[in-house]
Amino acid sequence: MEPTPFDSHVIYSKSLAIKDLSEAVASYFSTNRDFFSKKRYGSFRDDLSKSLVVDASLITKQIKITTSSSSHKARMKSLAFINVMTQNILAYCNGLERDGVKEKEYLNLLRREIRSFRIAFKKWRKTIQNGMD
């Protein structure tokens with residue numbers, strides 16, 4: 001069974017929410033206000049903030065690849081990659097918390113968004129896996 005456009009739309013919308021929230025959290029916690037630049041920072045918090053934004057963007061990109069690919073192998077690779085990126089984002093939240101971030105409610109909000117995404121993602125992944133050879 002092929003994923004319906006609604007399923008793909010839902011998971012893509014959730015990924016955009018994660019991307020937006022990750023950018024907001026990273027901007028708030030980063031000590032360097034130009035965290036979108038390509039240079040490496042000396043601060044652990046800045047590195048985590050940048051990684052948070054990059055990985056959230058990669059989730060959205062991989063969803064596009066998954067929905068547009070006709071190759072089962074490419075789809076499975078993208079699905080595995082998305083799973084790793086969501087785990088990374090949760091790890092970045094833990095790292096920011098350990099680095100002394102006081103406003104944990106922002107991290108908890110992002111964690112809840114990731115968990116909600118992962119629930120929808122698992123259902124979506126099953127429709128893709130079951131619909132292929």
Side-chain angles (χ1 to χ4, degrees):
M1 173 167 99
E2 284 294 315
T4 65
F6 177 74
D7 293 333
S8 298
H9 174 72
V10 168
I11 202 72
Y12 185 73
S13 294
K14 285 184 170 291
S15 76
L16 289 176
I18 289 170
K19 183 177 176 271
D20 291 345
L21 187 55
S22 294
E23 288 174 359
V25 166
S27 177
Y28 186 77
F29 290 129
S30 179
T31 58
N32 184 331
R33 293 297 163 216
D34 190 24
F35 66 89
F36 286 113
S37 75
K38 301 227 184 259
K39 75 176 195 173
R40 188 135 171 101
Y41 304 113
S43 163
F44 180 65
R45 189 175 295 186
D46 289 338
D47 287 343
L48 284 176
S49 296
K50 184 174 179 183
S51 296
L52 185 65
V53 171
V54 169
D55 286 7
S57 296
L58 288 173
I59 291 171
T60 301
K61 180 180 176 184
Q62 289 299 314
I63 289 171
K64 288 180 186 177
I65 291 170
T66 303
T67 57
S68 65
S69 177
S70 59
S71 165
H72 177 67
K73 186 175 181 180
R75 284 181 169 200
M76 294 302 105
K77 185 176 177 182
S78 288
L79 292 172
F81 189 81
I82 292 167
N83 195 45
V84 169
M85 292 302 102
T86 59
Q87 292 172 2
N88 285 353
I89 291 172
L90 291 173
Y92 301 146
C93 288
N94 292 340
L96 285 167
E97 193 170 344
R98 280 189 221 111
D99 193 49
V101 166
K102 302 280 187 257
E103 300 85 352
K104 293 177 185 170
E105 62 272 7
Y106 296 123
L107 297 176
N108 289 334
L109 181 62
L110 181 55
R111 287 177 177 126
R112 279 193 300 274
E113 196 67 37
I114 286 289
R115 287 183 187 113
S116 171
F117 172 84
R118 288 180 76 163
I119 290 167
F121 174 73
K122 287 176 184 179
K123 292 175 185 173
W124 183 64
R125 182 178 59 196
K126 283 181 185 179
T127 64
I128 292 172
Q129 289 172 333
N130 293 338
M132 295 294 151
D133 300 327

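Just so you know, these numbers use all the heavy atoms, side chains as well, and skip hydrogens, waters and symmetry mates.
- Within the 4.5 Å cutoff, the side chain of N94 has heavy atoms near those of the R111 side chain.
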Handout entry: E103 and V25: CA distance, side-chain angles, deciding distance, side-chain contact (heavy atoms from CB on, under 4.5 Å) verdict
Key = CA-CA 10 Å; E103 300 85 352; V25 166; over 6 Å; no
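- Here the side chains of I59 and D55 are not in contact, with every heavy-atom distance at 4.5 Å or above.
- Between the CD1 atom of I11 and the NZ atom of K123 there is a distance of 10.0 Å, given to the nearest 0.5 Å.
- Side-chain N or O atoms of S69 include none that pairs as donor or acceptor with a backbone N or O of I65 at under 3.5 Å.
- Remark: D99 engages R45 in a salt bridge (charged side-chain N to carboxylate O under 4.0 Å, His left out) (not counting sequence neighbours).
- W124 and F121 have tilted rings, their planes meeting at an angle from 30° to 60° on a 0 to 90° scale.
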Practice task
Using the side-chain contact (heavy atoms from CB on, under 4.5 Å) rule, take M85 and K61 through it: C-alpha gap first, then chi angles, then the decisive distance, then the call.
Solution key: CA-CA 11 Å; M85 292 302 102; K61 180 180 176 184; over 6 Å; no
Exercise for the section: Go through the steps to decide whether Q87 and R118 satisfy the test side-chain contact (heavy atoms from CB on, under 4.5 Å), and finish with yes or no. Expected result: CA-CA 10 Å; Q87 292 172 2; R118 288 180 76 163; 3.7 Å; yes
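- Residues S78 and Q62 share a closest heavy-atom pair of OG-OE1, 2.8 Å.
- Under the 4.5 Å side-chain heavy-atom criterion for Ile, Leu, Val, Met, Phe, Trp and Tyr, I114 and I119 are members of distinct hydrophobic clusters.
- Considering OG of S22 and CG of L110, their distance stands at 4.5 Å, rounded to 0.5 Å.
- The closest donor-acceptor contact from the side chain of S15 to the backbone of Y12 lies under 3.5 Å.
- Shortest non-hydrogen contact noted between G95 and F44 is O-CE2, 3.9 Å.
- Proximity of a side-chain donor or acceptor of S27 to a complementary backbone N or O of E23 within less than 3.5 Å is not detected.
- Expressed to the nearest 0.5 Å, how far CD of Q129 lies from CE of M76 amounts to 5.0 Å.
- For the atom pair OH of Y92 and NZ of K50, the computed distance is 11.5 Å after rounding to the nearest 0.5 Å.
- Considering CD1 of I128 and CG of L79, their distance stands at 5.0 Å, rounded to 0.5 Å.
- For the atom pair CG of L48 and CG of L96, the computed distance is 5.0 Å after rounding to the nearest 0.5 Å.
- Proximity of a side-chain donor or acceptor of S57 to a complementary backbone N or O of V53 within less than 3.5 Å is detected.
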Practice task
Show your working on side-chain contact (heavy atoms from CB on, under 4.5 Å) between R125 and I82 and close with a plain yes or no.
Solution key: CA-CA 10 Å; R125 182 178 59 196; I82 292 167; over 6 Å; no
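- Closest heavy-atom contact between C93 and L107: O-CD1, 3.6 Å.
- Shortest non-hydrogen contact noted between T67 and K64 is OG1-O, 3.1 Å.
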